[in-house]
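Encoded as structure tokens, the structure appears first; notes follow it.
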Amino acid sequence: MSDHSDNINDFSSDDEQDKNILIFPKKSHTTAFPEVNDIEQSDESEGEPQEETGHVVDSPKADEEESKDGETGNVGETTEDKALRLRKRLELVNALKKSKHKTGVIYLSRIPPYMKPAKMRQILSRFGQLDRLFLKREDESKYRQRIKGNGNKKNMYEEGWAEFIRKRDAKLCAETLNGNIIGGKKGTFYHDDILNVKYLPGFKWADLTEQIARENDIRHAKLEMEISQANKLNAEFIRNVEKSKMLSNMNKAKKRKAQKEDQKEPSDEDVERQREQQYKRFQQHKVSTNRASAPENIKQTKSSDTLGSVLSNLL
Amino acid sequence: MPTAQHTMSFADLGLAHWLCDSLQAMRIHTPTDVQTHCIPPILKGRNCIGGARTGSGKTLAFAGPMLTEWSRDPAALFGVVLTPTRELAVQIHEQLCALGAQLNIRCALVVGGGDFVQQSLELQGRPHFIVATPGRLAHHIISDTPEAALSSLLKRYTRYLVLDEADFLLTPTFASDLAVILGALPDKTHRRTLLFTATVTDQVLQLREGDAFVYNAEDDSQLAPGRRQLPDTLTAEYLLVPEHVKEAYLYHILVSNEFEDSTAVVFVNRTRTAELLRRTLYQLGVRVTSLHSQMPQSERANSLHRFRARAARVLVATDVAARGLDIPQVSLVVNYDVPSDPDTFVHRVGRTARAGRHGESVLFVTQRDVDRLHAIETRVATTIGQFSRVGDTAVIKKSLTQTSKAKRTAMMAMEREGFGERRAQQKLRQAK
């Protein structure tokens with residue numbers, strides 16, 4: 001369950017993450033570029049480019065080839081090349097974003113069965129440069145149910161959102177694809193699937209993540225508050241510990257003094273009385289037992305009619 | 001401990017030969033006290049009330065005669081064994097299967113949290129024995145169909161009813177389920193009833209007045225004042241701490257030099273505390289797992305396995321783990337909350353210092369638990385000393401801030417995930 005919600009939080013589909021791993025076989029390279037999954041940033045922020053976009057724009061085939069290259073031979077060179085290319089692409093995307101165009105978001109109410117985000121990206125990029133894409137995975141329980149009934153083990157997606165860099169492209173995409181078959185080369189798997197695409201007017205990607213961001217903020221603030229409260233309690237405890245130490249030391253000193261002056265020591269009763277005065281009395285938790293030989297005052301005498309009949313029917 | 005007059009074999013007690021052979025194969029040679037006393041009368045056809053601690057061979061004391069009689073005429077649904085907790089049922093089921101493996105015994109395990117449909121299919125396959133928790137078995141009987149005819153079969157064939165941990169089963173908690181089950185079984189003259197209990201309660205006393213055979217390993221006379229009720233190898237100590245800094249002390253003890261490698265069980269009174277502690281300790285990097293009733297059954301089994309395999313070294317548990325569970329060698333038992341029933345304390349600390357090995361137990365006492373501590377002291381007839389190996393200053397310096405932070409984070413996470421909501425809804429539905 002938690003995995004699922006995490007997925008919602010980071011707003012990127014698994015396959016895209018996989019792809020990222022494919023693209024960057026070494027961890028050190030990921031650090032060279034900004035985080036992919038951080039989509040809580042607003043659209044206007046320019047510093048955080050979606051380098052994911054820069055990659056997925058080209059066809060998956062190219063990606064595969066790249067990863068193969070990385071595995072087979074001269075790793076250092078290819079990765080350097082790749083880094084260079086990546087940076088170029090990022091710059092390109094940023095430039096496009098900075099330009100006078102505004103982004104447009106579309107909504108997909110239904111995803112063809114078992115279609116992966118990469119394929120969806122490929123289909124949508126026919127209409128223009130795509131920025132972010134999020135497909136919502138089906139419910140975990142639904143998935144488990146299907147597996148139980150010997151169903152397909154692939155991931156199914158329920159709905160999705162996509163962001164075009166140009167608003168124009170988004171509108172065109174919605175107009176063209178809505179209610180129509182996907183088309184393309186005849187005989188391909190998704191050729192005859194019908195898509196539902198809606199252009200969301202006046203809607204930006206940040207609106208999607210806004211609520212999550214807000215909830216996160218609230219949670220964070222609450223945690224801070226709780227912790228500061230706990231710290232106060234702790235401080236109180238520490239003070240009390242010090243105080244008790246001080247008191248016990250004082251008592252010891254008093255005793256020593258009394259011994260030195262060869263006075264009569266205070267009797268036990270006096271000590272007891274002093275204690276009574278010193279310490280607060282607390283209400284005690286109840287003791288209860290149902291052991292037969294226990295004293296009456298702590299014995300549990302709860303009994304029910306059903307239990308009586310059970311007992312009489314038992315032996 | 002077999003004494004001179006008790007040196008007899010299982011065959012002398014009257015168990016079937018094949019059973020003696022399989023016991024031989026399991027390297028069980030001499031019967032324990034409870035077995036020598038209870039097996040012959042049961043074989044003679046008497047009801048039995050046995051009082052003995054866990055680990056004293058109770059399971060064999062009822063399984064032996066039951067299997068012996070069953071093997072003479074292997075019938076379906078021959079015996080029904082009831083236990084209060086699921087883990088205990090699993091344990092008894094395993095043992096029965098192992099004992100009867102030679103004769104292709106079929107045992108059904110009917111416990112809550114398992115697959116209901118699968119269980120009813122299993123019951124339709126007419127197993128020889130049923131090991132069950134009362135709630136789920138009652139559910140099967142209530143939702144019985146004419147085709148399955150579970151209750152009529154039970155009525156016709158069942159010869160044995162066993163209540164393990166009977167003192168706990170015979171409380172108002174289980175009364176209604178037990179009434180349903182007893183209604184489906186043959187009446188008391190046509191079946192044998194065996195009760196095994198560690199504590200003698202009023203209910204058990206009441207049953208003793210009948211003509212059943214009574215055996216008690218630790219008779220009430222042994223509870224004479226002045227007699228120490230804890231094993232000699234157990235060091236029981238208490239620690240006086242305020243309520244809201246308990247976690248810090250617990251963490252400090254668990255990671256202290258003395259206990260950092262030892263396995264420990266931490267007992268709490270409530271499922272919520274168990275969950276909170278598990279999360280808190282987990283955040284602090286302790287290999288911890290938990291066992292309580294608000295976990296799915298699969299997770300319960302899993303966490304117990306993890307603990308047994310030492311993948312986790314600390315088990316935070318409610319009283320479901322207090323009784324009967326065969327948990328491996330545990331060197332420390334922490335009573336994080338003081339139980340209201342002094343007997344529960346005895347059960348809990350019984351998880352350690354088994355079979356003559358050394359064990360320690362620490363009891364966390366808050367300002368409101370002093371009465372409970374005194375009750376426990378009178379019950380075990382020992383004065384419990386103060387645990388002095390942890391200093392206030394050390395706790396303040398090393399663990400106070402981090403534990404309180406971890407605790408708050410855990411609390412928030414539990415709130416977000418809605419811990420306990422499901423049970424609250426269940427209660428609401430039942431109240432309607």
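The sequence lines fix the lettering, A, B, ..., with proteins before strands; numbering per chain opens at 1.
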I'd like to know if the side chain of A/Glu226 and the backbone of B/Lys407 have a donor-acceptor N/O pair within less than 3.5 Å. no

Please check if atom [atom1] in [X] has more than 12 non-hydrogen atoms from other residues, nucleotides or ligands closer than 6.0 Å.
X	atom1	result
A/Gln284	CD	yes
B/Lys398	NZ	no
A/Tyr107	OH	yes
B/Lys246	NZ	yes

Using a 4.5 Å cut-off on heavy atoms from C-beta on, say whether the side chain of B/Pro342 contacts that of A/Val287. yes

Given side chains that start at C-beta, do those of A/Val241 and B/Thr393 come closer than 4.5 Å, heavy atoms only? no

Most chain A-contacting option - heavy-atom pairs closer than 4.5 Å, from B/Thr401, B/Leu207, B/Thr344: B/Leu207

Highest number of heavy-atom pairs under 4.5 Å with chain A among B/Thr171, B/Leu163, B/Leu161 belongs to B/Thr171

Between atom [atom1] of [X] and atom [atom2] of [Y], what is the distance when rounded to the nearest 0.5 Å?
X	Y	atom1	atom2	value
B/Arg379	A/Thr289	CZ	OG1	8.0 Å
A/Leu223	B/Thr409	CG	OG1	5.0 Å
A/Met225	B/Met412	CE	CE	9.0 Å
B/Arg408	A/Ile227	CZ	CD1	8.5 Å
A/Asn234	B/Ile396	CG	CD1	9.0 Å
A/Ile238	B/Asp392	CD1	CG	10.5 Å

Locate the shortest heavy-atom distance separating A/Leu233 from B/His244; write the atom from each residue and the value. O-NE2, 3.9 Å

Proximity breakdown for [X] and chain A, heavy-atom pairs closer than 4.5 Å:
X	result
B/Gln367	both
B/Thr378	neither
B/Arg416	side chain

Name every donor-acceptor pair, under 3.5 Å, that has one atom in a side chain of residues 368-377 of chain B and the other anywhere in the protein, sequence neighbours excluded.
residue, atom, partner, partner atom, Å
B/Arg368, NH1, A/Gln283, O, 3.4
B/Asp369, OD1, A/His285, ND1, 2.7
B/Asp369, OD2, B/Thr366, N, 3.3
B/Asp369, OD2, B/Thr366, OG1, 2.9
B/Arg372, NE, A/Lys286, O, 2.8
B/Arg372, NH1, B/Val338, O, 2.8
B/Arg372, NH2, A/Lys286, O, 2.9
B/Glu377, OE2, B/Ile384, N, 2.9

Within residues 179-190 of chain B, which positions have a heavy-atom distance to chain A below 4.5 Å? B/Ala179, B/Leu182, B/Lys188

